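Side chains included, hydrogens not; waters and symmetry mates left out as well; all remaining heavy atoms used. Remember, it's a predicted structure, so these values are computed and weren't measured experimentally. Heads up: numbering here begins at 1 and tracks the sequence.
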Amino acid sequence: MHRPKKAAGAALAAVAVVGTLAVSAPPPETAAAARGLWGTVTIAPGREGIVEASGYEGAALGAGSVLTLTAPEGSEVTGVPFTGSGYRGVVVSGGGAGTYTFAGSAAAVAQAWRGRTFPFVLAVAPDAVPGTRLRGCVLRLTDARGAVQDQGTCEVTVGLPGPTLTRPESGVPLPARPEIAGTAYPGAQVTVRDALEHEVCATTATAVGSWSCVPGPALPSGPGRLQATATLNGVSGTSEQIAITVAGAAGRS
């Protein structure tokens with residue numbers, strides 16, 4: 001894959017964690033109509049996410065009209081997965097842009113672009129800094145002659161990879177105040193909570209992405225769950241929950 005252009009600012013070393021594809025939710029119809037073409041998504045460094053472009057409410061455009069997303073700095077277009085009949089999606093060489101071209105029948109012209117959502121898959125550079133708004137994401141709709149009929153922007157925010165919980169091990173009986181540890185993006189604030197959303201402990205990830213903390217109040221005896229949340233520069237990520245069992249009769253103070 002062609003390497004995305006580097007995001008502006010000093011790059012931090014990323015911690016490799018398993019994650020899922022980040023998908024944006026389209027804004028309300030009234031807001032989309034007011035701003036024209038629009039899309040938004042948050043994607044963690046080194047991951048892919050989907051910008052869903054929508055909001056066109058203009059005149060009907062016929063065959064040969066084209067919707068283009070220009071990738072912002074620090075990212076590249078890697079896919080155009082819309083499979084609606086009458087549309088042809090193309091990733092421009094190098095990933096600098098993606099396009100959908102309408103080639104449907106005359107009967108479908110009225111709703112060729114209006115009221116529809118078109119997904120563009122973006123990949124964000126591994127060294128992008130969480131919390132950064134990538135600049136230069138542009139949406140443009142042109143007619144068959146190349147004349148611009150509508151244009152807008154897409155907001156692409158660099159997200160934060162979710163932290164991991166590597167200790168304690170699930171299913172192993174624990175003391176009331178076990179060491180809790182894992183990995184997270186360097187410098188992120190990590191907070192561990194139980195199944196009732198009580199804060200168990202908190203700390204900051206080191207420069208190499210490791211973290212550990214010990215509960216202040218003793219954990220209640222019996223089965224429970226732990227989950228870690230990392231926060232940095234206004235964005236956050238959450239780990240998977242792990243099941244734990246605390247031995248003894250210690251209670252939460």
Side-chain angles (χ1 to χ4, degrees), residues 1 3-4 6-7 9-24 41-50 74-75 78 121-132 134 156-247 252:
M1 180 180 78
R3 177 176 174 79
K6 290 187 177 181
L12 297 177
V15 177
V17 293
V18 176
T20 57
L21 189 71
V23 181
S24 67
V41 68
T42 298
I43 310 173
R47 308 287 179 80
E48 290 184 327
I50 296 178
S75 73
T78 58
V121 182
L122 288 180
V124 168
D127 58 3
V129 179
T132 302
L134 301 184
V156 180
T157 302
V158 181
L160 187 68
T164 66
L165 277 166
T166 57
R167 289 199 305 273
E169 294 183 16
S170 183
V172 177
L174 304 174
R177 299 181 68 244
E179 181 184 25
I180 304 171
T183 62
Y185 194 91
Q189 177 70 26
V190 180
T191 302
V192 180
R193 292 184 172 83
D194 62 17
L196 298 178
E197 292 297 315
H198 294 138
E199 182 176 317
V200 173
C201 60
T203 188
T204 300
T206 68
V208 296
S210 62
W211 62 269
S212 65
C213 58
V214 175
L219 297 176
S221 60
R225 289 186 178 274
L226 296 177
Q227 187 171 41
T229 299
T231 304
L232 181 70
N233 297 337
V235 291
S236 62
T238 304
S239 74
E240 294 183 357
Q241 290 188 350
I242 62 169
I244 61 168
T245 301
V246 178
R252 179 178 291 276

A.B. asks: Nearest heavy-atom pair of P45 and P126: which atoms, and what distance?
C.D. replies: CB-O, 3.4 Å
A.B. asks: V200 versus L219: any side-chain heavy-atom pair under 4.5 Å?
C.D. replies: yes
A.B. asks: Can you sort out the partners of A202 under side chain to side chain contact (heavy atoms under 4.5 Å, CB included), two or more places apart, ordered by chain and number?
C.D. replies: Q189, T191, E199
A.B. asks: Would you say the side chain of V158 lies within less than 4.5 Å of the side chain of V129, judging by non-hydrogen atoms?
C.D. replies: no
A.B. asks: OG1 of T78 to CD1 of I50: how many Å apart, nearest 0.5 Å?
C.D. replies: 9.0 Å
A.B. asks: Enter the distance from T183:OG1 to W211:CH2 here, rounded to the nearest 0.5 Å.
C.D. replies: 8.5 Å
A.B. asks: Where is the tightest heavy-atom contact between S236 and T229, given as atom of each residue plus distance?
C.D. replies: CB-CG2, 4.4 Å
A.B. asks: Mind checking the CG-OG1 spacing from N233 to T132? Nearest 0.5 Å is all I need.
C.D. replies: 7.0 Å
A.B. asks: List the atom of I244, the atom of R225, and the distance in Å for their closest heavy-atom pair.
C.D. replies: CG1-N, 4.0 Å
A.B. asks: Rounded to the nearest 0.5 Å, what separation is found between the SG atom of C213 and the CZ atom of R177?
C.D. replies: 10.5 Å
A.B. asks: Locate the shortest heavy-atom distance separating P215 from I180; write the atom from each residue and the value.
C.D. replies: CG-CD1, 4.0 Å
A.B. asks: What are the two closest non-hydrogen atoms of V246 and P220, and how far apart are they?
C.D. replies: CB-O, 3.4 Å
A.B. asks: Supply the atom-to-atom distance L226 CG to Q241 CD, rounded to the nearest 0.5 angstrom.
C.D. replies: 9.0 Å
A.B. asks: Among all residues two or more places apart in sequence or in another chain, which pass the salt bridge (charged side-chain N to carboxylate O under 4.0 Å, His left out) test with R167?
C.D. replies: E179
A.B. asks: Closest heavy-atom contact between G237 and P163?
C.D. replies: O-CD, 3.3 Å
A.B. asks: Nearest 0.5 angstrom please: R193 CZ to T238 OG1, how far?
C.D. replies: 9.0 Å
